[in-house]
Q: 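My questions will all concern the structure given below.
Because only heavy atoms are used, hydrogens play no part in the values below, and waters and symmetry mates are left out as well, while side chains stay in. Chain identifiers are assigned alphabetically (A, B, ...) following the order of the sequence lines, protein sequences preceding nucleic acid strands; residue numbering begins at 1 within each chain. What you see is a predicted model; the values in this text were computed from it and never measured.
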2 protein chains.
Amino acid sequence: MFDALINMIPPTALHQSDYRKGEAVFWQDDPTRGIFCVESGQINLQRAMQSGHVVTMHRATAGTLFAEASLYSDRYHCDAVCIEPASVICIEKQEFTRRLAQEPDLSLAYGKLLATQVQTYRQTLEILSIKSARDRTLVAVSCGYLSGPVTEFATRIGLTHEACYRALRQLCDAGMLIQTGRGKYALPDPA
Amino acid sequence: MFDALINMIPPTALHQSDYRKGEAVFWQDDPTRGIFCVESGQINLQRAMQSGHVVTMHRATAGTLFAEASLYSDRYHCDAVCIEPASVICIEKQEFTRRLAQEPDLSLAYGKLLATQVQTYRQTLEILSIKSARDRTLVAVSCGYLSGPVTEFATRIGLTHEACYRALRQLCDAGMLIQTGRGKYALPDPA
DNA sequence: TCAAACATATGACCGAAATCATATGCGTTT
DNA sequence: AAACGCATATGATTTCGGTCATATGTTTGA
């Protein structure tokens, strides 16, 4: 939850906006306006590769922040695209940075935020380091990466959706996963 | 590097320890003592899944921090096991947290350290998202990832050393890289 | 409500990278 | 100097996942 952060920032430095599916909060290389809080909906943090295809770097869901690292850079380094109608609050960069230096509580909360992000990236890197599509898929599911569509999940863990579907099928056949519905998979009960 | 941090912490709040392969720095659900700096060796951050098998979440190497998030939780949420004889420094949680709140310089340095890590991880993620071994190798070299042995470089970018050598050979043949020595490659002058 | 877009799935085929094998260069260590 | 470990390097074979094709279910919005 980002309430702790929000409450330390004067309302004049906060800017709420609504986005519809497909709309962008910002684009890569836009000048950094600030960091964002997702009140509702979902925002995809993604980067367009030089080859043209898009890789999802993070999926910001209700109650989470995104673009925290923008405080340390002049330009956003990825696109933020709404994938589910969202309400988003922007915290002005300048005001936030100023208060970071002055208010220990805010600084502490901010540190926690960054530490959590680092943790997430490390886990993603670890998952990507798994060569076998089957094993990678299993670990990713175990770590709760499969929350939305399988296609999205597949790109997040560096697989084509076909390879991902095949891996899921294999894992179900092997009894290591259970299909709970169309496009829905869960870990079996550790009975 | 964590020297900047260490120098701002009184030695009484620092605890150096040596670990041998297989020994644990901490176990999941242990009360959090603090965050750790790896001077040498390697520490595996891993978690036992409910299914029983162990998932590696991160591999902490020399010059890096781990368990940063422990500052914000009472218990460690994974095991830290030595996988290569290691020297590790523990920064006492209470003292570090106290100083973070009181000393803006430390807070700033810590924030920057974490932010830098975020940037690095994102760059690595981008590199890993490049499917072609040739292109991935080229980008990785461009980003300065090839500093040590090629074998180590190869594993860092998710390739076998054989595939990496072949990619380097191809890139040299195509004139996109120049071999400056045995196991040494550089970008050609953009003349 | 109807079409378009998207997601779920699976099969066939192919190619790139992993694997296996081999050889040599280089720096220690004994 | 000889032996050993490690890195460099490349060739042959295999395998796994990408690409392409196809079909159907589901959501969305016009």
Q: When the distance from CG of Leu146(B) to P of dA7(D) is rounded to whole Å, what number comes out?
A: 14 Å
Q: From CG of Asp135(B) over to P of dA16(C), roughly how many Å is that when rounded to an integer?
A: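 For the pair Asp135(B) CG and dA16(C) P, the rounded distance is 12 Å.
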Q: Examine Ile43(B) and Leu5(B) and state if one hydrophobic cluster contains both, with Ile, Leu, Val, Met, Phe, Trp and Tyr joined whenever side-chain heavy atoms are less than 4.5 Å apart.
A: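 Shared cluster, no.
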Q: Mind calculating the distance between CD (Glu152(A)) and C1' (dT8(C)) to the nearest angstrom?
A: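 Nearest whole value for this atom pair: 15 Å.
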Q: For dA9(C), take OP1 and OP2 only and decide whether either is under 4.0 Å from a side-chain N or O of Gln179(A).
A: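 Gln179(A) to dA9(C) OP1/OP2: side-chain N or O found under 4.0 Å.
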Q: When you get a sec, tell me which of dA9(C), dA17(C), dA7(D) is the closest nucleotide to the side chain of Ala133(B)?
A: dA17(C)
Q: Hey, what's the ring geometry for Phe66(B) with Phe36(B), parallel, tilted or perpendicular (30° and 60° as the breaks)?
A: parallel
Q: May I ask you to test the Leu14(B)-Cys90(B) pair for a side-chain heavy-atom distance under 4.5 Å?
A: no
Q: To the nearest Å, give me how far apart CG (Leu168(A)) and C1' (dT10(C)) are.
A: 13 Å
Q: What is the distance from NZ of Lys184(B) to C1' of dC26(C), rounded to the nearest Å?
A: 14 Å
Q: Does the side chain of Tyr165(B) get closer than 4.0 angstrom to OP1 or OP2 of dA18(C) through an N or O atom?
A: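 For Tyr165(B), the contact criterion (side-chain N or O under 4.0 Å from OP1 or OP2 of dA18(C)) is not met.
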Q: Heavy atoms under 4.0 Å, any strand shown: does Gly158(B) hit a base, just sugar-phosphate, or nothing?
A: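 Counting heavy atoms under 4.0 Å across all strands, the contact made by Gly158(B) is with sugar-phosphate only.
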Q: The side chain of Leu159(A) is closest to which nucleotide in this list: dT8(C), dG18(D), dA7(D)?
A: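 The closest nucleotide is dG18(D).
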Q: What's Tyr185(A) touching, base or sugar-phosphate or nothing? Going by heavy atoms closer than 4.0 Å.
A: sugar-phosphate
Q: Looking just at side-chain N and O atoms, do Thr124(B) and Tyr121(A) make a donor-acceptor pair shorter than 3.5 Å?
A: no
Q: Check for me, please, whether Leu168(B) and Leu187(B) land in the same ILVMFWY cluster - side-chain distances under 4.5 Å, paths through other members count.
A: yes
Q: Would you please say whether a donor-acceptor pair under 3.5 Å links the side chains of Gln28(B) and Arg75(B)?
A: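 Note: Gln28(B) and Arg75(B) side chains miss the donor-acceptor criterion.
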Q: Would you please say whether a donor-acceptor pair under 3.5 Å links the side chains of Glu92(B) and His15(B)?
A: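 Glu92(B) vs His15(B): donor-acceptor pair found between side chains.
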Q: When the nearest nucleotide of DNA chain C is assigned to Arg134(B) and to Gly148(A) on a heavy-atom basis, which residue is associated with the more 5' position?
A: Gly148(A)
Q: For a quick check, with a 4.0 angstrom heavy-atom cut-off, what is the B/S/- contact string for nucleotides 19-30 of chain D, read 5' to 3'?
A: BB----BS----
Q: Using whole Å, what does the distance between atom C1' of nucleotide dG18(D) and atom CD1 of Ile157(A) come to?
A: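 Computing the Ile157(A):CD1 to dG18(D):C1' distance gives 15 Å.
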